[in-house]
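Note sheet for the following structure.
To find a chain, count down the sequence lines: A is the first, B the second, and so on, and within it residues start at 1. Bear in mind the structure is a predicted one, so any value in this text is a computation, not a measurement.
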Protein chains: 2
Amino acid sequence: MIDFDDIKKEWMKNPEFVKEYEALEEEFSLVSALIAARSEADMTQQEVAEKMETSQSYIAKLEGGTVSPSMKALKRYAAATGSRLKISFEPTTPQ
Amino acid sequence: MIDFDDIKKEWMKNPEFVKEYEALEEEFSLVSALIAARSEADMTQQEVAEKMETSQSYIAKLEGGTVSPSMKALKRYAAATGSRLKISFEPTTPQ
DNA sequence: AAATATTATGTCAGATATGATATATATAAA
DNA sequence: TTTATATATATCATATCTGACATAATATTT
């Protein structure tokens, strides 16, 4: 049987792949955070859009990761879903 | 002597003021997070700009709060300052 | 199955962020 | 004070996001 962890380990030797992989991970973290917030609020894209005073299609773009939203957009999304946006910069290397 | 807390409490009865106050607080949190990350990395705006492949004036705009930066910009800022961007949506009302 | 609701994709105009340059202001060093 | 360093502001061209609409694709309900 195929062991994906082994394959991944092998691919991770390629710096190009690592870069892409990490970018995907970060993108996924934002997208999943958005969807989780809306799911938590039990709202449809249309409902969030109306509270944000924008269109459903734009919400789909945000959650689809096809745009890099501004802080302003994220704050409005948070407000619409009854949540609060928290951002922070965590050090990668100690000190 | 003047008690600013009392003054604030009085002003907080005005919804318009409350809205503005909270917006200022959020703006400040981003700005201070940016500056803290750069201070932690002990870098100048010029140094961060070079690592981000942009200009020093743009960093000043970010830290001055005159723009609402995109996620892409914040991620590059984080990478340049040796940190990692963390974003989350915290529920304001329990449940 | 059909009908409905929800989400995704495409296009376009207008708003805003980004990148670059120059310059002004502020802070620190000499 | 002078000099150097760091940060802020102004303007402009370009890129990207945002908003709106239509429509396609998917999922859910009846």
Side-chain angles (χ1 to χ4, degrees), chain A residues 19-20 22-89, chain B residues 19-20 22-89:
Chain A
K19 196 174 174 184
E20 281 305 311
E22 288 177 347
L24 275 177
E25 264 194 336
E26 288 206 345
E27 191 53 57
F28 179 73
S29 77
L30 171 60
V31 165
S32 56
L34 287 167
I35 297 177
R38 183 165 65 84
S39 174
E40 201 61 31
D42 192 29
M43 297 172 76
T44 66
Q45 289 184 347
Q46 180 63 40
E47 291 170 326
V48 174
E50 282 167 8
K51 269 210 175 184
M52 276 181 68
E53 303 190 52
T54 184
S55 59
Q56 173 271 325
S57 68
Y58 179 62
I59 306 298
K61 284 171 191 170
L62 290 186
E63 296 183 356
T66 65
V67 292
S68 182
S70 69
M71 284 294 292
K72 195 193 299 183
L74 294 182
K75 283 176 184 172
R76 288 197 299 145
Y77 187 101
T81 56
S83 50
R84 210 177 141 79
L85 179 66
K86 288 282 178 186
I87 78 129
S88 60
F89 295 93
Chain B
K19 197 173 174 185
E20 280 305 310
E22 287 175 350
L24 274 176
E25 264 193 336
E26 288 205 347
E27 191 53 57
F28 179 74
S29 77
L30 171 60
V31 164
S32 56
L34 287 167
I35 296 176
R38 182 165 65 83
S39 175
E40 202 61 32
D42 193 28
M43 298 172 74
T44 66
Q45 290 184 345
Q46 180 63 42
E47 290 170 327
V48 174
E50 282 166 9
K51 271 209 172 182
M52 278 181 66
E53 303 191 52
T54 183
S55 59
Q56 172 269 326
S57 68
Y58 179 62
I59 306 297
K61 284 174 191 169
L62 291 186
E63 297 183 355
T66 66
V67 291
S68 182
S70 69
M71 284 295 292
K72 195 192 302 182
L74 294 182
K75 283 176 183 171
R76 287 197 298 144
Y77 188 101
T81 55
S83 50
R84 207 176 145 79
L85 181 65
K86 288 281 178 188
I87 76 128
S88 60
F89 294 92

Nearest-Å distance for atom pair CE/C1', residues A:Met71 and D:dT18: 17 Å
Sugar-phosphate only, base, or nothing, as touched by A:Thr54 at under 4.0 Å among non-hydrogen atoms: sugar-phosphate
Spacing of B:Thr81 atom OG1 and B:Leu34 atom CG [to the nearest 0.5 Å]: 8.5 Å
Residue pairs passing the ring-ring contact (aromatic ring centres under 6.0 Å, His included) test where at least one lies in residues 33-57 of chain B, sequence neighbours excluded: none
Partner set under side chain to side chain donor-acceptor pair (under 3.5 Å) for A:Ser55, not counting sequence neighbours: A:Ser57
Residues that A:Ser70 engages under side chain to side chain donor-acceptor pair (under 3.5 Å), provided they are two or more places apart: none
Short side-chain N/O contact to D:dG19 OP1/OP2 from A:Arg76, under 4.0 Å: yes
Rounded interatomic separation in angstrom, taking CG from A:Leu30 and C1' from D:dC17: 14 Å
Angle of first-five versus last-five pair axes in the helix from C:dA1-D:dT30 to C:dA30-D:dT1, to 10 degrees: 50°
side-chain contact (heavy atoms from CB on, under 4.5 Å) partners of B:Thr44, counting only residues at least two apart: B:Gln46, B:Glu47
Summary of salt bridge (charged side-chain N to carboxylate O under 4.0 Å, His left out) pairs that have at least one residue in residues 48-58 of chain B, sequence neighbours excluded: none
Interatomic distance, B:Glu53 CD vs C:dT21 P [rounded to whole Å]: 14 Å
Nearest-Å distance for atom pair CD/C1', residues A:Glu50 and C:dT6: 13 Å
N or O in side chain of B:Ser70 less than 4.0 angstrom from C:dT18 OP1/OP2: yes
Shortest non-hydrogen contact from A:Met52 toward A:Ile59: SD-CD1, 3.7 Å
Pair listing, ring-ring contact (aromatic ring centres under 6.0 Å, His included) test, anchored in residues 31-72 of chain B, at least two apart: none
Heavy-atom protein contacts under 4.0 Å, nucleotides 6-14 of chain D, coded B base, S sugar-phosphate only, - none: SBBBBB---
Listing time: all N or O pairs from protein to nucleotides 25-30 of chain D that are below 3.5 Å?
none

Residues in side chain to side chain donor-acceptor pair (under 3.5 Å) contact with B:Thr54, at least two apart in sequence or another chain: none
Nucleotide D:dT18, atom C1' - distance to CG of A:Leu62 in whole Å: 9 Å
Qualifying residues under ring-ring contact (aromatic ring centres under 6.0 Å, His included), relative to A:Phe89, sequence neighbours excluded: B:Tyr77
B:Gln56: partners by side chain to side chain donor-acceptor pair (under 3.5 Å), with sequence neighbours left out: B:Gln45
